Amino acid sequence: MLRTEELSYRTAGRTLVDAVSLQAAPGETVGLVGPNGSGKTTLLRCIYGTLTPTGGRALLDGDDLHAIGAKRRARRLATVPQETPAGFELTVREIVAMGRAPHKSFWAADTAEDDRIVDAALSRVGAGELATRRFAGLSGGERQRVLVARALVQEPALLVLDEPTNHLDIRYQLEILGLVRSLGTTNLLALHDLNLAAYYCDRLYVLEQGRAVASGPPAEVLTPELLAEVYGVHAEVAEHPATGAPTITYLPQRVSGDVPYLGKYDAVPTGEPHPSGM
Amino acid sequence: MSNSLKETGTSPAVAVRGPVAEAARRVRTPLILVVLAAALAVAVVAGLALGSVRVPPGQVVDILTGRAEASPLRTIVLDVRLPRVLLGAVVGAGLAVVGAVLQALVRNQLADPFLLGVSSGASTGAVAAIVFGLGTGLATTVLVPVASFAGALGSLVLVYTLARKGGVLTTSRLILAGVAVAYILSALTSLMLVTSARAEHLRDVLYWTLGGLGAARWDILLVPAAALAVGVALLITLARPLDLLLVGEEGATVLGLDTARFRAAVFVLTSLLTGLLVAYSGAIGFVGLMVPHAARMFVGAVHRRLLPVCALMGAVFLVLADLAARTVAAPQDIPVGVLTALTGGPFFLWLLHRGPASEGNRD
């Protein structure tokens, strides 16, 4: 069970995350959505430990994630960094085996058990045949799968992923998200694509200027009103006949004097000034 | 028939062309270590046999195993050449290991204790201890290594801090900071020398500016040998967290490494090792650049395998380089640092020319 209590992060006089309280139950996949600069990445970094919250706490099963220290945290929480440098000709297997580090003392050699865990993770993400390849030589989708395998090798209870589908072809986006959902871990994902978020997440939190402005199942959260309010766009939301998930269709911006199809929603963005002044 | 010939002809070629598989590296590493140990033994015997007076290798082995009677040759081998060969092996092993560790620390294969100004800092510290120190006996034997370590640590921290801006460490900033700091320190060293009243300082100090093993005697071997044994053993126990540094600071943190503390520990260890080696050998450059690079080609970047291979390869390399330094222009004894710079400089330029592959932090 992940819980943040009024978690805040301020830097240089700006509040990037403003008293966000969220929860993810065991096994649940929770999505974090919001426009660029709304604080998704900062919030996730405060949770996975590369930033220290300036207010509030992040708790995993009751333990303060910041107080328990990097090594113990890495046994329970895994993440895929947005950028993984690929120098020094490391092989895929060597990269994945690094995920055993939090479970080992500095000097202990890898055991047969470690090897088994690494092999299992690689085949779990369908990357078994990549094991001896150079990590630097992989495609974006392959790299992402390998890094998910490394996260699995940490045997975490919680997986925190920041835009795991960034820069991937659509096929790999679906593959990665389907994989993450199938792992059985508690997942907290920042996602850009609202349709993917709606389909793959059990619940969503919407961030706007560092605050959580809405939360709940995708069908309740992703309303045309909210999209207009937070993203400043016109959109239609319908339940998709095949997937059953809410599906968003963005409508082109109204050009003044030309409003063939916006009658239904055009009162919303113009009625109230957007807080960001958009 | 021609088809099957073609198939059997291409598949091994494909297997060889790809990167060395990690499993194969595991199996091969002990073999490589054995081969390198044998090479080191051969290099040591060659180092003892060759020189102004040639001693047949068989006789060298007899002398080493205590089967030879006292003779001028025995004195040359045991008291003149052996300390020098051993110091070369110790310094070569240490510099190669420090080079590999510094490359992981800054995630850049162009790093080297010499290029990052660490060796210059150690030289400046050692020279300051000689010039301002009490001058004789125990004070010098203690002061020089301590000052050398302090100089190494100071310059490493300075270069790292200068090269790192906004959390990003670029190749160009790193090299520029290293070169600038090295220049300032060598100017300081020169300043201390020319203003020093005592002429014998100049002779003493020539070792640090050029990097040579000519000062080797049995009584100075203990400190560098002990530093090597302890330093390398400690760094090998840190092999796993050193691996984590290769995936970047954020990557290492999320894999459970307290990066700030670990980096501080590595700073101290590498400076200690560099300082205690440079105090006796002077600043021998490029060993820490070339050897780790060659070692990675054989066993990959994982430090558990890389560091022992670096240690042996560095020892072989410097023993042979010093042998060449003593013999190519005999009776002139060229400082070995001149030879390593002559080979390492072009190698560095080649790495730089290879471009983005060396830009450790930008990929």
Side-chain angles (χ1 to χ4, degrees), chain A residues 44-45 47-51 68-110 114-115 118-119 131-137 147 150-151 153-154 156 160-162, chain B residues 15 18-26 100 103-104 107-109 167 169 171 233-262 265 292-293 296-297 299-306 356-363:
Chain A
L44 292 189
R45 292 185 68 192
I47 292 171
Y48 65 66
T50 56
L51 288 179
I68 62 175
K71 193 162 182 176
R72 287 176 62 201
R73 186 170 58 232
R75 287 179 207 154
R76 298 164 65 178
L77 181 164
T79 185
V80 172
Q82 274 199 329
E83 281 188 25
T84 292
F88 289 93
E89 309 276 300
L90 288 165
T91 64
V92 165
R93 197 168 204 294
E94 287 164 351
I95 289 272
V96 174
M98 286 181 181
R100 294 307 294 158
H103 295 278
K104 317 280 292 184
S105 55
F106 276 0
W107 51 88
D110 283 345
D114 294 318
D115 288 346
V118 169
D119 289 335
T132 57
R133 295 258 306 271
R134 278 166 56 240
F135 181 74
L147 292 174
R150 187 180 74 187
V153 158
Q154 289 175 251
V160 178
L161 303 178
D162 191 0
Chain B
V20 182
E22 189 252 357
R25 286 173 180 170
R26 282 193 201 191
Q103 287 171 12
R107 280 198 299 115
N108 195 314
Q109 299 197 35
L169 198 74
T171 299
L234 282 175
L235 286 170
I236 289 176
T237 65
L238 297 179
R240 190 181 288 274
L242 282 171
D243 290 346
L244 297 186
L245 289 184
L246 299 182
V247 293
E249 191 153 323
E250 184 172 39
T253 305
V254 301
L255 289 170
L257 186 66
D258 183 340
T259 44
R261 255 178 63 190
F262 180 66
H293 203 86
R296 271 192 209 96
M297 287 185 198
V299 295
V302 170
H303 290 87
R304 176 181 304 284
R305 299 192 290 271
L306 180 65
S358 311
E359 188 89 5
N361 287 353
R362 283 299 179 84
D363 48 10

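The basis for the numbers below is simple: all heavy atoms, side chains too, and nothing from hydrogens, waters or symmetry mates. Each chain gets a letter, A, B and so on, in the order the sequences are listed, and its residues count up from 1. Here the structure is a predicted model, which means the values were calculated and not measured.
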Problem - Approximate separation, where rounding is to 0.5 Å, of B:T253 OG1 and A:R45 CZ - result: 9.0 Å

Exercise for the section: Return the set of residues passing ring pair (Phe, Tyr, Trp, His ring centres under 6.0 Å) with B:H293 (not counting sequence neighbours), or none when no residue passes. Expected result: B:F347

Handout entry: Nearest atoms (heavy-atom pairs only) where A:Q154 meets B:V254
Key = NE2-O, 3.5 Å

Fill in the blank from the handout: Between A:L90 and B:A301 the two heavy atoms that sit nearest each other are CD2-CB, 3.8 Å

What part of [X] gets closer than 4.5 Å to chain B, counting heavy atoms only: side chain, backbone, both or neither?
{"X": "A:R75", "result": "neither"}
{"X": "A:I95", "result": "side chain"}
{"X": "A:A109", "result": "both"}

Determine all donor-acceptor pairs shorter than 3.5 Å in which one atom belongs to a side chain in residues 234-246 of chain B; sequence neighbours excluded.
| from | atom 1 | to | atom 2 | distance (Å) |
| --- | --- | --- | --- | --- |
| B:T237 | OG1 | B:L234 | O | 2.5 |
| B:R240 | NH1 | A:D110 | OD1 | 3.3 |
| B:R240 | NH2 | A:A108 | O | 2.8 |
| B:R240 | NH2 | A:D110 | OD1 | 2.8 |
| B:D243 | OD1 | B:H303 | N | 2.8 |
| B:D243 | OD1 | B:H303 | ND1 | 2.7 |

